[in-house]
Structure formats: structure tokens, C-alpha cells
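To keep things clear, I will list the structure first and then write my remarks on it.
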Amino acid sequence: MLDLKFIRSNPDIVKEAAKNKGEKIDIDEILELDRKRRDIIGEVEKLKSERNTATSEIARMKKEGRDPSTLISKMKKVSDRISGYDNELRDAETEINRKLLWVPNIPHESVPVGQTDADNVEIRKWGELKSFDFKVRPHWEIGEMIGGLDIPHGASVSGSGFYFSAGPVAKLERALINFMLDLHAGEHGYTEAYVPYLVGENAMRGTGQIPKLEDDMYRIESDGLYLIPTAEVSLTNIHAGEILPPGSLPKKICAFSPCFRREAGSYGKETRGIVRVHQFHKVEMVKIVEPETSYNELESLLENAERVLQLLDLPYRVRVLCTGDLSFSAAKCYDIEVYALGMDAWLEVSSCSNFEDFQARRMNLRYRPEKGARPIFPHTLNGSGVALPRTVAAILENNQTKDGQILIPEVLRSYMAGMERIGI
RNA sequence: GGAGAGGUGGCCGAGCUGGCUGAAGGCAGCUGCCUGCUAAGCAGUUGACGGGGAAACUCGUCCCAGGGUUCGAAUCCCUGCCUCUCCGCCA
């Protein structure tokens, strides 16, 4: 959420930002409502002040044995007017807030202006793309061959977009999870956590999933809860509504969690295999930081995520998203895409974003920089570190051998009882 | 799931026979004084949000949340959420 005062004094910046993000927002309408709101406040507060004076006057009269009934009947009318204004005010504020929730964050100045994926800018590549002298297979074939991926049964149990991993691939997943958590919690300085997988509406609004992306979320109607699409939601909202004390930043937390996404409207694209599914596992990193440091923190967050792929020896590229591809809440975002040899495709396994104070403001998360200072909104960031299915797919495809085996990345072997390869 | 108790400021904790309570008292914090240092002591001070104002300042709102009663609610009524205790159930 943007600061209403900021919108009031910089309407053009906000309009430009929304346009570049491809969002249709009527800023003038919000400003008009804001004007109306402030007019009402002026009127109603005058009346309230009057009432407060009268109220103590009534108390005094009663104490002195005088008859306050004239004043009371006069105040009855004043109170009616107040509640009239209060209703108008509440309506205006509700309306403003409802609209504010649809205003996207402003892209950072370093973000390239553009519309689609094609306008994203590659900033680096890492690793060698392998080439084999045999016919490489996509991961779904490999998975089936080694008895590690069972997509048909996922569909029969839960519908399309769900799958079982089993045997060696299940072991590989578990090894990856442990490896990633050990890396981030051990070397990168994050506190490890387990988080709620079902969260309330406030949390979903706080990080910006709703209202805009509501259709992509699984909702448990009977309890008013949502299944998290990423651990970001639980982690970032952890201190929502609080004022963090001086010295408590930066906070760096990481967590493993399943992620649930309806992927509404994406049928037909990239649906083979396990690269686009409704439920997957991911290790997520979240940072809550002081505003001045957030862009440095973004770079180190990105490095933390890249390190995972480097240690796994998987080739990848990093792209900075253009304004049109940038998510609603983000001010800047890097995507990390791993190369999958069998599909000959770059698969997004991580998005590292700086939200500046957009999420903090939405969830009313504040921070007191020093004793006695006024609270400010901290900046929040998050990045996947990294998403599992696509990483598994990349390992299966890049590490396949001619005779149908998979070489296990060296860093994972100690997590798999020393196993060096899986397969026949 | 059943029965009871409760949710007050950074924390503890009064108020809850409606008005003078943004809220006693204590603790913690800050500022002076005092002191060889520390501790103790004395005095003062310490919330968030919004409106107006260049500013000093001023007005309004906030005692879990949302409604209601009233001239007026932390205090009365209703609904919801959460916490605690006991019982039941359960990985």
C-alpha cells in the first residue's frame, strides 16, 4: 500500500508507475475521496469538540444540582449530526482503503520499463550448458523411468497439477531441503522456522496476495483461511501490527514449506512434468530491514539464492524484471532461472524482491529506529532459496547419463547416505 | 467439542454502582539535582494515529475487534476473535 499523503502530493509518479506496471487505477478518484474525507473530518471534529465541552458542563451542572435538560436536548441534536458525519466518514475511509489496496507499488528507478517477459534484462549467467552425445530426456520421462515421479496417480488422487514423488526422487527432495536450510541457516545467517500453512485474510492482504491475486489462492471457506502460496506470507506477516524495538533489525528468517497455487488461467502453458503444479515445496528467505539498507540487502538475498544453484552446479541466469512483469507489490525483482537440459528451457526457481515499505504499510508493521524516535515502516524483502520441483527437474535433466542414471550433486551426497547416483 | 475465567499504556496492575481517567499505583526508560564511582534518594518527564498550522501549538480518535444503548462508555448490552483453567477427544 502506498502512503495516501504521498499519492496526494505525487499523483503523477503514482499514475506513471501504475501505467508502467500495466495496472488500470483511477488515482483521481482516490484523491477526490480524500478531499471529501478531509472536509468531513473538519466538520465532525468541530462538533465533537463542542460535545466534549458540553458533556463536562452537564456533569458539572448535575453535581451542582442545576437542571441540564436544555443542554442535553441540544446535544442530542449535535450527536445526531455527529453520527451522520461519522457514517459518511467511515464510508469514505472504507472506500479509500478498498481502492488503495489496488494501487500497485512503484518500481524502483533502476527497473527497466517494459511490458512483457521479453523486456526483462539478463544481468548474468553462471555455469556451463552441457551437451551430451545421446538423446537427452525431459524429467518426466526420467522420473518415470527411475520410479521417482508418479504424475498419473497425482492426477487420479487430486486432479491435474498434483504428483507423487517417490523413492530416489523423494530422497533427493529431502536432501535438497536439508541442504538449503543448512546453507541459509548456517552460512547465510537466517533464523530457521516452521510456519503456519493456513493463514487468515489479514495476512494474505498484508503481503499483497489479496485482493488482486485472490483467484490464484486456495481458500478454506468453512474457516476463512487461505493455504499459503509461499512461506513469504507467514514469515513476513509474523510481526504485523507491531512496532519493533530499536536494534531489532535486520531480521532474517528462512523456512521450508509447501506452497499451494491454483494457477488460474495458466492451463496449457508449461504443463508437462512438474514445472507448473498446484502444490510444491520451497525454502523461502525473508528479510525485514531498515529502509536505507534494503537495496544492499536485496543484492545479498540474491547472492544467497544463487549460491544454492552454484553449489548444486546447475547453470542459471539472473534477470531483472521489467516494470510490466514486476509483481503488484514489488519495487524491484530479480528472477533466477535454472537451465533444464532435457526441456531446453530456463525455469524460474527463485524471485528475489524488495517491497520497500509497501507490505509493511499494508500490515502496519513498524520499527522504531531509536529510543524515543517516531516509528517508521521498515522494508521487507523475500526470495526463494529455492523452489524444489523445478530444481529437481533440472538435476534430473542436467545430470542424466547415457545409461539412464542420475548423478547426484556432490553437496547432496552426504544427505543421501553417500549415494552417488540413482537409477537402474 | 463441553464448563468456567479473562483480554486495560513498553511490562505488571487498578478502575468496571457510566461524566473531572489517555487512563491511579508499581516497574522499566529518559532529563535534571545529589554523589569520589556504583547503588540509593529527590524533582520532572515518557504512547499511537488522524485533521489544521510555516512553527510554537491546537483539535479529534484509540482501554482486543466490530456493532448497540446514552447528552456522555475502559466502564452497560450484543457478536466475533484470542488467552488461561478443568473435562472430553486426538498425532
Side-chain angles (χ1 to χ4, degrees), chain A residues 1-9 30-101 194-206 219-226 234 237-249 251 257-258 357 359-378:
Chain A
M1 189 155 67
L2 298 180
D3 184 4
L4 186 53
K5 284 181 203 150
F6 179 84
I7 299 178
R8 200 186 291 154
S9 41
I30 293 175
L31 291 176
E32 181 52 38
L33 278 165
D34 176 49
R35 246 189 307 279
K36 189 176 152 202
R37 165 181 158 270
R38 284 185 295 157
D39 287 347
I40 299 170
I41 286 174
E43 290 303 315
V44 76
E45 292 198 344
K46 233 184 291 170
L47 292 175
K48 282 184 176 173
S49 176
E50 186 186 332
R51 182 179 71 183
N52 286 342
T53 328
T55 274
S56 33
E57 176 63 15
I58 289 168
R60 187 158 358 108
M61 288 173 86
K62 278 190 163 180
K63 213 172 173 183
E64 292 168 358
R66 290 188 285 150
D67 177 18
S69 55
T70 318
L71 191 50
I72 286 178
S73 59
K74 190 178 157 204
M75 280 307 113
K76 222 173 241 186
K77 287 185 193 114
V78 172
S79 275
D80 284 347
R81 290 179 64 199
I82 289 176
S83 60
Y85 277 127
D86 268 344
N87 286 338
E88 278 184 54
L89 184 60
R90 201 195 42 220
D91 291 348
E93 280 177 347
T94 307
E95 192 59 14
I96 290 171
N97 284 330
R98 208 176 59 77
K99 288 192 162 26
L100 277 182
L101 289 176
Y194 284 97
V195 304
Y197 304 149
L198 287 166
V199 299
E201 200 180 306
N202 285 343
M204 290 294 264
R205 193 181 303 110
R219 182 183 157 86
I220 312 292
E221 205 57 52
S222 55
D223 297 280
L225 295 171
Y226 291 82
S234 307
N237 276 288
I238 190 166
H239 295 296
E242 299 177 12
I243 301 176
L244 300 171
S248 55
L249 300 188
K251 273 187 188 296
S257 86
D357 65 6
Q359 294 182 324
R361 184 170 271 113
R362 271 169 103 94
M363 65 180 72
N364 197 25
L365 164 66
R366 285 169 296 169
Y367 165 63
R368 200 184 300 281
E370 292 170 49
K371 276 196 175 86
R374 315 210 74 195
I376 58 165
F377 292 106

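Chain letters run A, B, ... following the sequence lines, proteins first, then strands; residues in each count from 1.
With A:Leu4 as the partner, the side-chain contact (heavy atoms from CB on, under 4.5 Å) test is satisfied by one option alone out of A:Ile30, A:Asn97, A:Leu31: A:Ile30.
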For nucleotides 54-73 of chain B, give me one character per nucleotide, 5' to 3': B if any protein heavy atom sits under 4.0 Å from the base, S if the only such contacts are to the sugar-phosphate, - if neither. -----BSS-----S---BS-
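A:Pro245 comes within contact range of no nucleotide atom at all, as no heavy-atom separation falls under 4.0 Å.
Dashed line: the shortest gap from a side-chain N or O of A:Arg366 to OP1 or OP2 of B:G47 is not under 4.0 Å. OP1 or OP2 of B:C49 sits under 4.0 Å from a side-chain N or O of A:Arg374.
Panel note: side chain A:Arg362, backbone A:Arg205; a donor-acceptor pair is recorded below 3.5 Å.
Rounded to whole Å, the separation between the C1' atoms of B:C82 and B:U69 comes to 26 Å. Comparing the C1' positions of B:G7 and B:G13 gives an interatomic distance of 13 Å, to the nearest angstrom.
Under a cut-off of 6.0 angstrom, the local environment of CD in A:Glu370 is sparse, with at most 12 non-hydrogen atoms contributed by other residues, nucleotides or ligands. In A:Arg66, the CZ atom is crowded: over 12 heavy atoms of neighbouring residues, nucleotides or ligands sit closer than 6.0 Å.
Comparing A:Ser56 and A:Gly42 along RNA chain B, the residue whose closest nucleotide (by nearest heavy atom) sits nearer the 5' end is A:Ser56.
The distance from atom CZ of A:Arg35 to atom P of B:G52 is 13 Å, rounded to the nearest whole Å. A:Arg60 has its CZ atom 12 Å from the C1' atom of B:G19, to the nearest Å.
Here the straight-line distance linking atom CD1 of A:Ile58 with atom CG of A:Leu71 works out to 4.5 Å at 0.5 Å rounding.
Residue pairs meeting the salt bridge (charged side-chain N to carboxylate O under 4.0 Å, His left out) criterion with at least one partner in residues 85-97 of chain A, sequence neighbours excluded, are A:Arg37-A:Glu93, A:Lys48-A:Asp86, A:Glu95-A:Arg98, A:Glu95-A:Lys99.
In the region residues 194-204 of chain A, proximity to RNA chain B at under 4.0 angstrom, judged on heavy atoms, holds for none of the residues.
Across B:G19, B:G50, B:G47, the shortest atom-to-atom separation from the side chain of A:Arg368 is found for B:G47.
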For A:Leu47 and A:Glu50, run side chain to side chain contact (heavy atoms under 4.5 Å, CB included): C-alpha distance rounded to whole Å, both residues' side-chain angles, the deciding distance at 0.1 Å, then the answer. CA-CA 5 Å; A:Leu47 292 175; A:Glu50 186 186 332; 4.0 Å; yes
Does A:Met204 form a side chain to side chain contact (heavy atoms under 4.5 Å, CB included) with A:Val199? I'd like the steps, not just the answer. CA-CA 7 Å; A:Met204 290 294 264; A:Val199 299; 3.8 Å; yes
